[in-house]
Amino acid sequence: MGKTSKDKRDIYYRLAKEEGWRARSAYKLLQLDEKFHILKDVVRAVDLCAAPGSWSQVLSKKLYENRKSEDVKIIAVDLQAMAPLPGVIQIQGDITKLDTANQIIQYFNDEKAQVVICDGAPDVTGLHDIDEYIQSQLLLAALSITTHVLAKGGNFVAKIFRGKDTSLLYSQLRIFFEKVSIAKPASSRNSSIEAFVVCQNYSPPIGYVPQMINPMLDDVKLLVEETNSDVNKQIIPFIVCGDLRGFDSDMSYSLNFSDDESTYTYREVVQKPISPAYQEILDKMRTCSLKNGAIVLNRIEEKYSQQKANKDENN
Ligand code: SAM
């Protein structure tokens, strides 16, 4: 394959190089902004999971345009080191960790951010349930940070993997934002389950106390109790779904996960139906199989007697 084959296959990859963006992802944010105007009149922004930095470049271009540079504040955070970008403050850290969150929060003590964006993606395993689960953990961390730093009326944009829990996620985000849309920009490949939640007009429930929670590690109930907020008690934990055991509900599995099936203990269902609609059919089948059973037994008996008679005759 030649050097230019990717340029032919991926128009946004080619355009990014031509137009000076660090990654083709820049077009996703540009297209989301074209539709939802999330960056209009914004001067303070947070870019979570920002490396290599094309979304920060978009922020920088939009926020410094027609603005006094001393008003603009852009914070970019990523696990990986990122080449410097003029006018963008960088933090290297894990957004699911409290100390990274605290560093970001400190920058916005006086004036809150007007937009938080998160294009975070874990290394994809290819197992959709696990990918979706890890992605939702990132989203949860991003949302927790957002509740600390976003000004009322602000916007939040984050990558999601569309799956069976998308409508649940939608309802949960609606608790915090007046309007939530799920969008797929033209530059996001159709073959990818990636989409973006665009959450507008941040308006948390009255009495909600922002808090960082990692449901994988924390005692969620205890943390929620500490806030003394009835609202938090009702809406936390923000439920993330998925099954880390990675079971595929369409597959067959051996009875014991080890090879030895002989030790498998069969269990009845927890509660059988008391009067199932199919009971009549079951009764009919039972009578029928009893009759059939009797016929089969007679035939075996006949065959056995015949064999015995033949044997006696030969002797
Ligand atoms: N928006 C970026 C751009 O336009 O250049 C691209 C982001 S890239 C798709 C996803 C990024 O998420 C990676 O750089 C990865 O290091 C980062 N990431 C994944 N998990 C993270 C975490 N827990 N904390 C911080 N960054 C994370």
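Remember, it's 1-based here, ligands and their atoms both numbered in the order they're listed.
The distance criterion of under 3.5 Å between nitrogen or oxygen atoms is met by Leu79 with respect to ligand 1. Among the atoms of Ala51, some N or O lies under 3.5 angstrom from an N or O of ligand 1. For Ala26, no nitrogen or oxygen atom sits less than 3.5 Å from a nitrogen or oxygen atom of ligand 1, counting backbone and side chain alike. At least one N/O-N/O distance between Ser54 and ligand 1 falls below 3.5 Å. Between Gly53 and ligand 1, a contact under 3.5 Å exists for at least one N or O pair. Considering backbone and side-chain atoms together, Asp94 places an N or O closer than 3.5 Å to an N or O of ligand 1.
Shortest contact from atom 24 (N) of ligand 1 to any protein heavy atom: Ile95 N, 2.9 Å. Given atom 19 (C) of ligand 1, the protein heavy atom at minimum distance is Ala121 O, 3.4 Å. What sits closest to atom 18 (N) of ligand 1 on the protein, heavy atoms only, is Cys49 SG, 3.8 Å. Looking only at heavy atoms of the protein, atom 9 (C) of ligand 1 is closest to Asp119 O, 3.7 Å. In terms of protein heavy atoms, atom 14 (O) of ligand 1 is closest to Asp78 OD2, 2.9 Å.
With a 4.0 Å cut-off on non-hydrogen atoms, Leu138 touches ligand 1 through its side chain and not its backbone. Contacts between Pro52 and ligand 1, counted as non-hydrogen atom pairs separated by less than 4.0 Å, involve both the backbone and the side chain. If you look at Ala50 next to ligand 1, the close heavy atoms, those under 4.0 Å, all belong to the backbone.
Summarising the geometry of Ser229 relative to Tyr208, their closest heavy-atom pair is OG-CA, 4.3 Å, with the distance given to 0.1 Å. The nearest pair of heavy atoms linking Ile104 to Val77 is CD1-CG2, 3.7 Å. Closest approach of Val88 to Ser60, counting heavy atoms only: CG2-CB, 4.4 Å.
Rounded to the nearest 0.5 Å, atoms CG (Leu150) and CG (Asn155) are 7.5 Å apart. Of the inter-residue distances, the one linking Lys179 atom NZ with Ser203 atom OG reads 13.0 Å to the nearest 0.5 angstrom.
The closest approach between a heavy atom of Gly93 and any atom of ligand 1 is below 4.0 Å. Taking 4.0 Å as the cut-off, Arg22 does not count as a neighbour of ligand 1 on heavy-atom distance.
Against a heavy-atom cut-off of under 4.0 Å, Gln80 is close to the following atoms of ligand 1: 14 (O), 15 (C), 16 (O). Listed by number with element, the atoms of ligand 1 under 4.0 angstrom from any heavy atom of Gly120 are 12 (O).
The closest side-chain heavy-atom distance from Leu30 to Trp21 is below 4.5 Å. Between Asp119 and Phe196 the shortest side-chain heavy-atom distance falls below 4.5 Å.
Ring-plane geometry between Phe177 and Tyr202 is classed as tilted, the angle between the planes lying from 30 to 60 degrees on a 0 to 90 degree scale.
A donor-acceptor contact closer than 3.5 angstrom links the side chains of Thr96 and Asp94.
You'll find the ring centres of Phe176 and Phe156 outside the 6.0 Å limit.
Ionic pairing of Lys73 and Glu111 is not present here: no N-O contact between side-chain nitrogen and carboxylate oxygen is shorter than 4.0 angstrom.
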